[in-house]
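No hydrogens, no waters, no symmetry mates; every other heavy atom, side chains included, goes into these values. Reminder, nothing fancy here: chain letters follow the sequence lines and each chain counts from 1. Quick caveat, the model's predicted, so the values are computed rather than measured.
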Protein chains: 2
Amino acid sequence: MLHEDVVSRIRAILLDGEIPPGARIPERELCERLEISRTPLREALKVLAAEGLVQLLPHRGSRAAKLTDKDMRDLFEVCQGLEALAGELACERITDAEIDAIAAAHAAMVQHYRDGDLIQYYRGNRAIHEAIVSAAGNPVLAGLYTSVTARIRRARYVTPMTPQRWALAVKEHDAILNALQRRDGAGLSHILRAHLRHKREEVLQAGFAETEGGDLTLKIA
Amino acid sequence: MLHEDVVSRIRAILLDGEIPPGARIPERELCERLEISRTPLREALKVLAAEGLVQLLPHRGSRAAKLTDKDMRDLFEVCQGLEALAGELACERITDAEIDAIAAAHAAMVQHYRDGDLIQYYRGNRAIHEAIVSAAGNPVLAGLYTSVTARIRRARYVTPMTPQRWALAVKEHDAILNALQRRDGAGLSHILRAHLRHKREEVLQAGFAETEGGDLTLKIA
DNA sequence: TTTTACATTTTTGAATGCAAAATTTGCGAT
DNA sequence: ATCGCAAATTTTGCATTCAAAAATGTAAAA
């Protein structure tokens, strides 16, 4: 197995929450599971530590990183900035074909909203945001975005999705698509910021927290 | 020596240009120099690869990453976005003491400009930008900024600093300080963008390029 | 003289082994 | 029974070793 694959597989394990935040990462066990020895595993853990997904404690092993409220706020803030930038750049560079693809994804997402299928809605939502970042044509930006969103997603927060919030989010997405189609960079940037700010407020208001024990607390209204 | 120190020392070697872009990284030699064995060295190299400073080629060892023109453009674009965000956040959170410190650093930098001391000017310039990012109070943002600027600085480009350009840069810095003192986030963000855009134009117009051989070409007007 | 096939050397990537550090266990004292 | 302390065990971090892949050198053939 290639080095990068080892990193990806452990990343997936962390993102799936299989090893909860704050929990020790069982070296020996992971070695057996991935059928590799400790050397490549430890190399991967150090890479993931640099990414912020793993926390290394000298002579005390590695743990799945635990996010505080402040961490979450910081990550959202940066994510907002990155998406705003991506939006501006995307408007300068996006092709008609890419816009059409996003419009199609948008329509599908709206249908999931009408169907009340939250899971599929989230999936479509994420695909749209990723498509905008991709359309910015900046791999450096895309890389940072992936890393930051991975850390956010890692938290597996659940926010109470009220009909009002959901309707607002869909409305914002209409505006996002509209700005993209008009290639209005400043406008798109502005809408994306507001959209992310609302999402952040949701998450933090919902009372995001990761407890000492390693499992997460989800305060659902 | 601690893992993180190994990473830092190799990073420094790369940033100093001691191993030029595109050049192979001599494992055995570095091991002797840092007085460590291959295992911790290779762990560090993989971390630096994730950071974008090192390029890993399967079964062919590692090389100091080489930046293309496009990479440079992408990095500057992201840097611009990060600094703009930092400026906005800094205006919300910066303390009077921090503003005073930046004002002092600014005055010192202007004096270096009057003295025609380019090296010291650059040093002061960098300190101010870092202070603004730090004042944003967002460690995630600070981390990404450090990583991106390291990669840019890695290139050791030299731009022809004409008196006009230099004067403009100083003028922009006056505006930066002014916006900070007025805590005008939008204004500061705007000025920082322009400032970085000018710098990027300088660098790219100067004809940044990194040749195959490993050393860099500096086209100085 | 140039090119190609093959053997040798070097280098890479990963497993194992070993010493140091931390954690757990066991036992005696209170 | 509980607390404290020392021995035993486990785990970590790194050096070494080993197999496989790539690079290099050599010699024979065109």
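Going from atom CZ of B:Arg38 over to atom P of C:dT11 covers 10 Å, rounded to whole Å. The distance between atom NE2 of A:His3 and atom C1' of C:dA14, rounded to the nearest whole Å, is 13 Å. To the nearest angstrom, P of C:dT11 lies 14 Å from CZ of B:Arg63. Between the CZ atom of A:Arg42 and the P atom of C:dG13 there is a distance of 18 Å, rounded to whole Å. For the pair B:Glu43 CD and C:dT12 P, the computed distance is 17 Å after rounding to whole Å. Rounding to whole angstrom units, NE2 of residue A:His59 and C1' of D:dT11 are separated by 11 Å. Taking atom CG of residue A:Leu41 and atom C1' of nucleotide C:dA14, one finds them 12 Å apart after rounding to whole Å. The nearest whole Å value for the distance from the CD atom in A:Glu29 to the P atom in D:dT11 is 11 Å.
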Inset, instruction - Please report the C-alpha distance between B:Arg197 and B:Glu202 in whole Å, then the side-chain angles of each, then the deciding distance to 0.1 Å, and finally whether the salt bridge (charged side-chain N to carboxylate O under 4.0 Å, His left out) criterion is met. - result: CA-CA 9 Å; B:Arg197 190 171 56 244; B:Glu202 273 175 43; over 6 Å; no
Inset, instruction - Please report the C-alpha distance between B:Asp71 and B:Thr68 in whole Å, then the side-chain angles of each, then the deciding distance to 0.1 Å, and finally whether the side-chain hydrogen bond (donor to acceptor under 3.5 Å, both in side chains) criterion is met. - result: CA-CA 5 Å; B:Asp71 291 329; B:Thr68 64; 3.1 Å; yes
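Taking the six-membered ring for Trp and thresholds of 30 and 60 degrees, A:His129 and A:His195 have nearly parallel ring planes, at less than 30 degrees apart.
With C:dA14, D:dG13, D:dT16 as the candidates, the nucleotide lying closest to the side chain of B:Ser37 is D:dT16. Nearest to the side chain of B:Arg60, among D:dT12, C:dT23, D:dA22, sits D:dA22.
Remark: side-chain polar atoms of B:Arg24 are not paired, donor with acceptor, to backbone N or O of B:Arg63 under 3.5 angstrom.
Both B:Gly61 and A:Ile36 lie near DNA chain C, and the one whose nearest nucleotide falls closer to the 5' end is B:Gly61. Nearest-nucleotide assignment on DNA chain C puts the 5′-proximal partner with B:Ile25, out of B:Thr39 and B:Ile25.
A close approach under 4.0 Å does not occur between any side-chain nitrogen or oxygen of A:Arg24 and OP1 or OP2 of C:dT23.
A:Leu2 comes within 4.0 angstrom of no nucleic acid atom, judged by non-hydrogen atoms across all strands.
A distance of 7.5 Å separates CZ in B:Arg42 from OG in B:Ser62, rounded to the nearest 0.5 Å.
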